[in-house]
Amino acid sequence: AQSVTQLDSQVPVFEEAPVELRCNYSSSVSVYLFWYVQYPNQGLQLLLKYLSGSTLVKGINGFEAEFNKSQTSFHLRKPSVHISDTAEYFCAVSARIRGSTLGRLYFGRGTQLTVWP
Amino acid sequence: DGGITQSPKYLFRKEGQNVTLSCEQNLNHDAMYWYRQDPGQGLRLIYYSQIVNDFQKGDIAEGYSVSREKKESFPLTVTSAQKNPTAFYLCASPPGGSGFHTEAFFGQGTRLTVV
């Protein structure tokens, strides 16, 4: 089975500071990688995804992530955060379900980003 | 607008009762999934369905049941056998039927509390 490790459960940061949310995954095969954002009591919204091609992926709200195959990492970054970025962020990897033609997502435990004024 | 609708948003249940969470999609997707979210644990897969009248257990299916009688609907029943049902439940559906998600659309979730 795949596993996804988000290295920080909570990241506090001041407004306009840069931020990096770290994610490592375990996989011996090609994977698709995702970052989702969740605001309180809401569903998950896709921030960005890596499927193939350029290892630097740009997403919504000024976020970007870099896929590093040798380090099996997919860290999320933003050069200047806003208070509205306060939310929980989930890293996920897609993989095929064994014995099925379907795929599924494996999620990390989440990182709570809190932006202070 | 196309999307996934979960209802109700909040649900309270007495111990020993079964309760059903609704998930409806108008995206014309074949596959649908149920995830459970607990604080600090990320999302865990409960059940998934590839087509009508077909569904499979995920990682934590014990105490849950599902049905898939229509393409648009994938209700989840939390039974009295589920020992710790208080959680946030999310329904999801990816486009296409391939082995890898290129993206998954999520509903807004149902927060179930056992009182």
Side-chain angles (χ1 to χ4, degrees), chain A residues 1-11 21 23-25 27 29-53 57 59-60 87-112, chain B residues 3-11 23 25 29-51 54-61 68 87-113:
Chain A
Q2 308 294 326
S3 70
V4 179
T5 302
Q6 291 184 242
L7 296 160
D8 305 293
S9 60
Q10 299 195 33
V11 173
L21 306 184
C23 173
N24 286 93
Y25 66 93
S27 175
V29 298
S30 298
V31 294
Y32 294 168
L33 294 158
F34 306 82
W35 275 99
Y36 285 88
V37 60
Q38 184 182 38
Y39 299 100
N41 291 313
Q42 293 191 25
L44 272 65
Q45 179 183 5
L46 182 68
L47 269 181
L48 48 79
K49 59 185 176 184
Y50 172 79
L51 305 181
S52 65
V57 180
I60 62 171
E88 189 153 25
Y89 292 79
F90 291 95
C91 181
V93 61
S94 174
R96 188 184 298 275
I97 298 172
R98 185 180 298 179
S100 171
T101 58
L102 272 184
R104 60 164 291 177
L105 292 171
Y106 292 88
F107 288 88
R109 291 177 176 242
T111 297
Q112 174 64 44
Chain B
I4 300 176
T5 301
Q6 290 187 241
S7 61
K9 189 170 178 66
Y10 298 95
L11 189 56
C23 177
Q25 56 104 351
H29 292 173
D30 290 314
M32 298 183 75
Y33 299 70
W34 274 105
Y35 289 90
R36 169 179 171 143
Q37 183 180 9
D38 295 282
Q41 294 199 43
L43 282 73
R44 294 179 289 169
L45 182 63
I46 306 173
Y47 266 98
Y48 60 96
S49 168
Q50 187 167 8
I51 56 172
D54 177 76
F55 47 83
Q56 303 295 329
K57 293 180 180 180
D59 303 326
I60 55 165
R68 188 82 187 277
F88 192 54
Y89 292 87
L90 286 159
C91 181
S93 182
S98 69
F100 290 86
H101 292 330
T102 53
E103 183 172 344
F105 296 94
F106 283 83
Q108 293 297 295
T110 293
R111 184 165 298 282
L112 172 64
T113 304

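Values below: all heavy atoms of this structure, side chains included; hydrogens, waters and symmetry mates excluded. By convention in this document, chain letters (A, B, ...) are assigned in the order of the sequence lines, proteins followed by strands, and residues within each chain are numbered from 1.
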How about NZ on B/K57, more than 12 heavy atoms from neighbouring residues, nucleotides or ligands closer than 6.0 Å, or not?
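Incorrect, the count does not exceed 12.
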Euclidean distance, [Y] [atom2] relative to [X] [atom1], rounded to 0.5 Å:
| X | Y | atom1 | atom2 | result |
| --- | --- | --- | --- | --- |
| A/N41 | B/F88 | CG | CZ | 5.5 Å |
| A/Q45 | B/Q108 | CD | CD | 9.5 Å |
| B/Y35 | A/L105 | OH | CG | 4.5 Å |

Under a 4.5 Å cut-off applied to non-hydrogen side-chain atoms, are A/Q38 and B/L43 in contact?
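When only atoms from C-beta onward are counted, B/L43 and A/Q38 do not touch, as no gap falls below 4.5 Å.
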Any side-chain heavy atom of B/Q50 sitting closer than 4.5 Å to one from A/I97?
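Of all side-chain heavy-atom pairs linking A/I97 with B/Q50, none is under 4.5 Å.
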Shortest non-hydrogen contact from B/A31 toward A/L102
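Closest pair (atom of B/A31, atom of A/L102, distance): CB-CD2, 3.8 Å.
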Which residues share a side chain to side chain contact (heavy atoms under 4.5 Å, CB included) with B/I51, sequence neighbours left out
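Side chain to side chain contact (heavy atoms under 4.5 Å, CB included) list for B/I51, sorted by chain: B/D54.
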Given that the side chain runs from C-beta out, which part of B/Q37 has a heavy atom under 4.5 Å from chain A: side chain, backbone, both or neither?
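Side chain only.
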In terms of heavy-atom proximity below 4.5 Å to chain A, should B/Y10 be classed as side chain, backbone, both, or neither?
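The side chain, not the backbone.
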